[in-house]
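We name chains A, B, ... by the order of the sequence lines, and we start the count at 1 in each one. Quantities reported herein were computed from a predicted structural model and do not represent experimental measurements.
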Amino acid sequence: MTRPVVTRFAPSPTGMLHIGGVRTALFCWLFAKKHGGRFILRIEDTDLSRSTDDNIRIIEEGMAWCGLEWDEGPVVGDPSKWVGPHGPYRQMQRMDRYRAKVQELLDQDLAYRCRCSREELESRRSAVEAAGKVFQYNRGLDAGKGCAAKHHDASESAAIRFRMPEGGDIVLHDLIKGEIRFPADSLDDWIIARSSETPGEIGVPTYNFCVVVDDTHMEVSHVIRGDDHVNNTPKQIPLFAAFGFPLPAFAHVPMILGKDGAKLSKRHGATSITEYQAMGFLPSAVRLALARLSWTPKQDGKAAETAEEEILTDADMIRLFDLADVQKSAARFDMDKLSWMNQKLIQRASWRELEHHLRPFVPEVVWDEKSDEWKATAITATQKGKSLVEMAESLRFAFERPETFDEAAAAKFITDAVKPALREVLALEDYSHDALKAAFDGIMERHGLKLKDVAQALRVALCGRPVSPMIFETMYLVGRDEVRTRVEKWL
RNA sequence: GGGGCCAUCGUCUAGUGGUUAGGACACCGCCCUUUCACGGCGGCAGCACGGGUUCGAACCCCGUUGGCCCUACCA
C-alpha cells in the first residue's frame, strides 16, 4: 500500500496509435501524476510478424504530440537508447530475462514442455468440439492427452505451457469493475513461450507471460489497461503467484466505441491520433475529450453543472482524477463534443500558445515574416473557430488574393451607392483599429451609409465573399497597399 | 458453444429506495450583431423488457433481450 505509484502504457506496434490506446495511456498518465508517481512507456513487440520500427516511431511521436511524456521508456527514434533504470523498454530486447524466467518455472515443474504440433492440437480441438464441449488443453474431454508427463526431452523443439490451478475461483479485485470471479476450470494450461526453430531452445515468450515479468521488474504498482484484458488477468494472477511476485492493483478501463456502438474503426472516420492532429485539434482538447469518456470528474463530490465547468485544464484533471469515478460501461466517441471542447480551448488560449499550433496550417514562410502584432491580430480575429484548420481557412484572404468572387454578393454589395465611399477608403493611410473606426464614421456620415453596407462591399472585394473577421481587422491583415489593389479593380 | 463485462435523453453523463429524473454536446426557436461566427435566453428529448422485494423503485434480487471482450505457439 505504501508502494510508490508506477503505471505503464504498453502498446504493441502493429499499426497506428489508436485513440483508444491514447485514452488508456492518458488515464495511466493522469493517475501517475495525481499520485506523484512514474509513468512508463513499454513497447510490446513480441508479435514478430506484425511489429515494425515505423509503428514504434509513430507511437512515440503520437504520444509526444499528445503531451503524454513518459518518465521511463524508449528514446524517440533510437532503438539503442532508453531512459529509466528498468530498460530496455522494448520486449524483444528483453529476451534473456524472459528465458531465464521460463527456465525457472521449468525447473520447478510449474511449467512444462509441450511438443504437440499445431496439426495435432487442431484435430483434438475439432474432436472435442464435435462432442459439443469446449477444447481446453489437457482438460475436460481432452484430459490425459496432453504431453505433460512425457516428452520432456529438452532436445526437441517444444512450446512451454504453464500449469494452471484446478478447481475454485480465481478472483480479481478490479479498481473499476469491482470483484470478478473466474472459475479456474474454465482456463487451461496456456502457452507462455512459443516453440523455437532451434530444437531445445526456448522460443519467444507470449504476451501474457512478458507482461507479468515486466510489470514486476518495472515495479508497476497499478496496471491500468483496456477492459479487453479482463479475461487475461486470471491467466496472469497464478503466474504472479508462481513467481512469488506481489500482485499489482488492476484497473480495467472500458472501451471506446464508434458513433453506432460498434468497435471504433476507420469506418467511423479517424481512429489514429495522427489524423486528429491533422484535423486541427489541440492536444489539450484531445486529452480532455478522451478523458471525459467514461470518466466524470467530481468537484467536492459533484459533477460539472455548467458548460464552463466541463472545460478542464491538465492541472484540473490531474487534481480531480480518481479511478472510482470511472464508468464501467463503454462509451461512444462523439466528434461533435471534441469539436466543441476544441473551440472552447482555442478561445481560452493566448495568441502565443495558439501560434505554435496554428503555424503548420498556414503558409509558414509568409507567416514567419509577420510581426507579432499582425500574428496576434490574425489569431484573435479567428479565435472563434472550431479548429486550427478552420482558423487557417478563415485567414486565407490574408495570404492570397481571391481568385474567384461570389457574383451574387458582389452585385448585392458593391453598388453604385457605396463606390464613392470605397474611393474614400482607398485614401486612408492609418490602418490602426481606432483610426479606421474614426475614418469610417466620417465616410458613412457623408454618404448616408451604414457600416454594414461598406463592410460587406469591402469583404467581397478583399476576400471574394461576404464573410471575414471584423472589417477593420480584415483590412489591417490584408495591408494597406494590398487593400488598395484589391478594391481598385471594382471602381 | 463456454467464460467474463456492460445497459439513464441521439451522444457523454449526475443519480446509490421517496427528485417536476439534473447538467453538457448536438438539434430547434428567439435575442444580440459589422458578414460568418461568438455570446445570452428558451425548447425538444431518457431510466431496454419482464418478474419480484418494499408503503414506495432508475437505484436491491432474478430472468429476458441487446452490445462488447476472451476462448491463438496475437497483443
Side-chain angles (χ1 to χ4, degrees), chain A residues 10-14 44-51 91 114 116-118 121 125 129 132-136 140 158-161 172 174 177-178 180-183 185-188 190-196 203-208 210-211 226-235 252 254-255 257 259 261-263 289 292-296 298 302-311 327-341 343 347 382-386 390 394 409 413 440 450-456 458-460 463 465-472 474:
Chain A
S12 63
T14 53
E44 313 224 320
D45 55 353
T46 55
D47 182 348
L48 274 11
S49 60
R50 296 191 299 156
S51 300
Q91 290 186 327
C114 167
C116 301
S117 67
R118 289 172 197 256
L121 249 19
R125 183 188 311 277
E129 283 173 359
K133 298 287 262 181
V134 186
F135 176 79
Q136 290 176 285
I160 314 293
R161 286 184 188 266
L172 160 64
D174 193 275
K177 307 273 186 184
I180 304 174
R181 312 184 82 91
F182 304 85
D185 292 332
S186 67
L187 280 348
D188 65 358
W190 52 284
I191 289 178
I192 57 177
R194 303 166 172 90
S195 49
S196 168
V204 178
T206 57
Y207 163 78
N208 283 111
C210 298
V211 172
D227 72 4
D228 49 336
H229 286 292
V230 166
N231 298 281
N232 289 143
T233 314
K235 293 182 186 174
H252 288 94
M255 309 262 83
L257 308 175
K259 192 96 187 165
K263 193 168 181 174
R292 289 294 281 96
L293 289 177
S294 297
W295 172 50
T296 304
K298 301 278 180 66
K302 283 167 64 182
E305 286 173 337
T306 65
E308 281 301 291
E309 288 171 10
E310 295 279 353
I311 307 303
Q327 209 80 356
K328 290 181 179 178
S329 52
R332 302 182 188 209
F333 184 67
D334 184 5
M335 189 73 90
D336 287 331
K337 198 140 187 173
L338 202 212
S339 275
W340 175 75
M341 288 172 165
Q343 183 176 47
Q347 287 172 347
T382 52
Q383 248 177 302
K384 58 194 177 180
K386 287 192 191 316
E390 231 175 70
S394 57
F413 298 116
F440 269 65
K450 290 181 177 171
L451 178 56
K452 177 191 286 188
D453 303 322
V454 187
Q456 288 305 79
L458 279 170
R459 285 195 170 94
V460 174
C463 313
R465 51 179 194 160
V467 178
S468 88
M470 303 299 272
I471 195 61
F472 302 143
T474 301

So, does A/Ser294 get its side chain near the phosphate of B/U13, meaning an N or O under 4.0 Å from OP1 or OP2? yes
At 4.0 Å (heavy atoms only), tell me whether A/Thr306 reaches a base, stays on the sugar-phosphate, or touches nothing. sugar-phosphate
Its contact letters, B for base, S for sugar-phosphate only and - for none at protein heavy atoms under 4.0 Å, make nucleotides 33-43 of chain B read -BBBBSS----
Treating primed atoms plus P, OP1 and OP2 as sugar-phosphate and everything else as base, which nucleotides of nucleotides 64-75 of chain B get B, S or - for protein heavy atoms under 4.0 Å? -----BS-SBBB
Pairing nucleotide - B/C25, Watson-Crick or G-U, each distance under 3.5 Å: B/G10
Under the rule for salt bridge (Lys or Arg N to Asp or Glu O under 4.0 Å), what residues qualify as partners of A/Glu44, not counting sequence neighbours? A/Arg42
Among all residues two or more places apart in sequence or in another chain, which pass the ring-ring contact (aromatic ring centres under 6.0 Å, His included) test with A/Phe182? none
Under-4.0 Å side-chain N/O to phosphate OP1/OP2 contact, A/Lys328 with B/G4: no
Side chain of A/Pro183, heavy atoms from C-beta onward: which of B/G3, B/U11, B/U13 has the nearest atom to it? B/G3
Go through B/A24, B/G3, B/A14 for me and flag the one nearest to the A/Phe182 side chain. B/G3
In the strands shown, is B/C49 matched to any nucleotide by a Watson-Crick or G-U wobble pair with both distances under 3.5 Å, and which? B/G63
Nearest of B/C6, B/C12, B/A14 to any side-chain atom of A/Ser329? B/C6
A/Arg125: salt bridge (Lys or Arg N to Asp or Glu O under 4.0 Å) partners, not counting sequence neighbours: A/Glu122
Sugar-phosphate, base or nothing in reach of A/Glu309, heavy atoms under 4.0 Å: nothing
Syn if the chi torsion is within 90° of 0, anti otherwise; quick check, which is B/C55? anti
Under the ring-ring contact (aromatic ring centres under 6.0 Å, His included) test, residues paired with A/Phe413 that sit two or more places apart: none
Which whole number of Å gives the distance between the C1' atom of B/G46 and that of B/A26? 15 Å
Checking A/Phe333 now: which residues fulfil ring-ring contact (aromatic ring centres under 6.0 Å, His included) with it, not counting sequence neighbours? A/Tyr276
Give A/Lys302 one of three labels, base, sugar-phosphate or nothing, depending on what nucleic acid heavy atoms sit under 4.0 Å from its own. nothing
Residues in salt bridge (Lys or Arg N to Asp or Glu O under 4.0 Å) contact with A/Asp47, at least two apart in sequence or another chain: A/Arg50
Using Watson-Crick geometry (N1-N3 plus N6-O4 or O6-N4) or G-U wobble (N1-O2, O6-N3), each under 3.5 Å, B/G1 is paired with B/U71
State which residues pass salt bridge (Lys or Arg N to Asp or Glu O under 4.0 Å) with A/Lys328; sequence neighbours excluded, sorted by chain then number. none
